[in-house]
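All heavy atoms count here, side chains included; hydrogens, waters and symmetry mates do not.
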Amino acid sequence: MNVILGDVPANRVHRFLVFSFPTIADNLRLGGTIPSEIGLLVNVEEIKFARNSVTGEIPTELGLLSNLERLYVHLNKLEGNVPTELGQLTNLRYVRLQENLLTGEVPDEVCDLRDGALDQLILDCVIDPDDDTAEVDCAEPECCTECY
């Protein structure tokens, strides 16, 4: 098991470029924000920052990771909107964003991925218009595959 204590190391992200890491693992006891430099990790196919204490917004630079297939950042303290830039990830198959503090509406660009490779999109989303506990509006019924 990999253990990195403390903040996501922004000044070390570039070192991942030397290797061809297909995965960044979860449950590392990470805190702080996901650095924008994560967009430099062009070979990454899977990001697992789940079950940590990561805060801030989901970086728009994730939209640069054209090889990304799986994004698991659930069970954190992420806030803000689901980035429109995730809609650029045509290889994306599984996305788990639930149990964060995300708000707003799932962008059409992300929902459009459901017509392609995206098999799973899990969020804390509105499926009942009278539900005031959900945080993200999954405007299209077929967009979110599961709502928490």
Side-chain angles (χ1 to χ4, degrees), residues 1-2 4 7-10 12-128 131 134-148:
M1 176 175 144
N2 295 325
I4 299 174
D7 291 347
V8 178
R12 304 273 189 235
V13 169
H14 68 281
R15 292 182 188 222
F16 287 108
L17 292 173
V18 176
F19 307 100
S20 189
F21 281 123
T23 301
I24 297 176
D26 66 349
N27 200 17
L28 299 172
R29 299 182 195 164
L30 293 173
T33 61
I34 300 172
S36 60
E37 290 85 355
I38 198 160
L40 299 172
L41 304 177
V42 295
N43 293 322
V44 169
E45 296 171 0
E46 181 175 53
I47 293 176
K48 286 184 170 181
F49 281 154
R51 298 176 187 91
N52 286 291
S53 296
V54 178
T55 60
E57 296 186 358
I58 298 171
T60 59
E61 288 81 4
L62 285 178
L64 300 172
L65 304 179
S66 59
N67 291 315
L68 192 64
E69 296 177 4
R70 296 170 300 279
L71 176 61
Y72 303 119
V73 293
H74 54 289
L75 290 161
N76 278 291
K77 298 174 184 172
L78 293 167
E79 55 193 19
N81 296 323
V82 176
T84 302
E85 290 79 3
L86 293 183
Q88 299 170 20
L89 303 175
T90 56
N91 291 318
L92 201 56
R93 297 191 60 210
Y94 305 101
V95 179
R96 297 190 67 179
L97 304 174
Q98 79 275 13
E99 299 190 50
N100 279 294
L101 304 170
L102 298 171
T103 56
E105 194 170 297
V106 180
D108 290 339
E109 293 84 351
V110 175
C111 291
D112 290 346
L113 293 175
R114 294 278 293 129
D115 295 332
L118 188 59
D119 292 327
Q120 182 183 71
L121 176 59
I122 302 175
L123 286 155
D124 300 315
C125 51
V126 175
I127 51 175
D128 176 355
D131 180 3
E135 297 162 357
V136 177
D137 185 3
C138 208
E140 297 180 33
E142 297 82 29
C143 184
C144 296
T145 59
E146 192 173 334
C147 292
Y148 269 67

Colleague: Would you indicate whether the side-chain heavy atoms of L64 and I38 approach each other to under 4.5 Å?
Modeller: no
Colleague: Given side chains that start at C-beta, do those of I122 and L97 come closer than 4.5 Å, heavy atoms only?
Modeller: no
Colleague: With side chain to side chain contact (heavy atoms under 4.5 Å, CB included) as the criterion, how do Q120 and T145 come out once you've worked through the C-alpha distance, each side chain's angles and the decisive distance to 0.1 Å?
Modeller: CA-CA 6 Å; Q120 182 183 71; T145 59; 3.8 Å; yes
Colleague: Answer whether the closest heavy-atom distance between the side chains of T84 and V110 falls below 4.5 Å.
Modeller: no
Colleague: Does V44 offer a backbone N or O that forms a donor-acceptor pair with the side chain of N67 under 3.5 Å?
Modeller: no
Colleague: Can you check whether L86 reaches L71 side chain to side chain, under 4.5 Å on heavy atoms?
Modeller: yes
Colleague: In sequence, state the C-alpha distance, the side-chain angles, and the governing distance for V95 and L118, and then conclude on side chain to side chain contact (heavy atoms under 4.5 Å, CB included).
Modeller: CA-CA 8 Å; V95 179; L118 188 59; 3.8 Å; yes
Colleague: Drop me the distance from E142's CD to D115's CG, to the nearest 0.5 angstrom.
Modeller: 9.0 Å
Colleague: Yes or no on side chain to side chain contact (heavy atoms under 4.5 Å, CB included) for L102 and I58, after CA distance, side-chain angles and deciding distance?
Modeller: CA-CA 9 Å; L102 298 171; I58 298 171; 4.1 Å; yes
Colleague: Apply disulfide (SG to SG under 2.5 Å) to residues C143 and C138 and explain how you reach the verdict.
Modeller: CA-CA 6 Å; C143 184; C138 208; 4.0 Å; no
Colleague: Please report the closest heavy-atom contact between L121 and V106, naming both atoms and the distance.
Modeller: CD2-CG1, 4.2 Å
Colleague: Contact between R51 and H74 at the side-chain level, heavy atoms closer than 4.5 Å - yes or no?
Modeller: yes
Colleague: Which heavy atom in S53 sits nearest to a heavy atom in K77, and how many Å separate them?
Modeller: OG-NZ, 4.2 Å
Colleague: Taking the side chain as every heavy atom from C-beta outward, state whether Y72 and F49 have any atom pair closer than 4.5 Å.
Modeller: no
Colleague: So how far is it from C125 SG to E105 CD, rounded to the nearest 0.5 Å?
Modeller: 12.0 Å
Colleague: Does a side-chain heavy-atom distance below 4.5 Å link V54 with L78?
Modeller: yes
Colleague: Hey, could you give me the CG/CD distance between L68 and E46, rounded to the nearest 0.5 Å?
Modeller: 8.5 Å
Colleague: Could you give the distance from CG (L123) to CD (E99), rounded to the nearest 0.5 Å?
Modeller: 11.5 Å
Colleague: May I have the step-by-step check of side chain to side chain contact (heavy atoms under 4.5 Å, CB included) for C147 and D124, ending in yes or no?
Modeller: CA-CA 5 Å; C147 292; D124 300 315; over 6 Å; no
Colleague: Between CG of L113 and OG1 of T90, what distance do you get to the nearest 0.5 Å?
Modeller: 7.5 Å
Colleague: Is there a side-chain contact between P107 and V82 in this structure, where contact means two heavy atoms from C-beta onward sitting under 4.5 Å apart?
Modeller: yes
Colleague: Specify the closest pair of heavy atoms between T33 and G56, including all atoms of both residues, with the distance to one decimal.
Modeller: CG2-CA, 4.0 Å
Colleague: Can you tell me how far apart CD (E135) and CG (N81) are? Round to the nearest 0.5 Å.
Modeller: 12.0 Å
Colleague: Just by distance, do the side chain of T103 and the backbone of V136 share a donor-acceptor pair under 3.5 Å?
Modeller: no
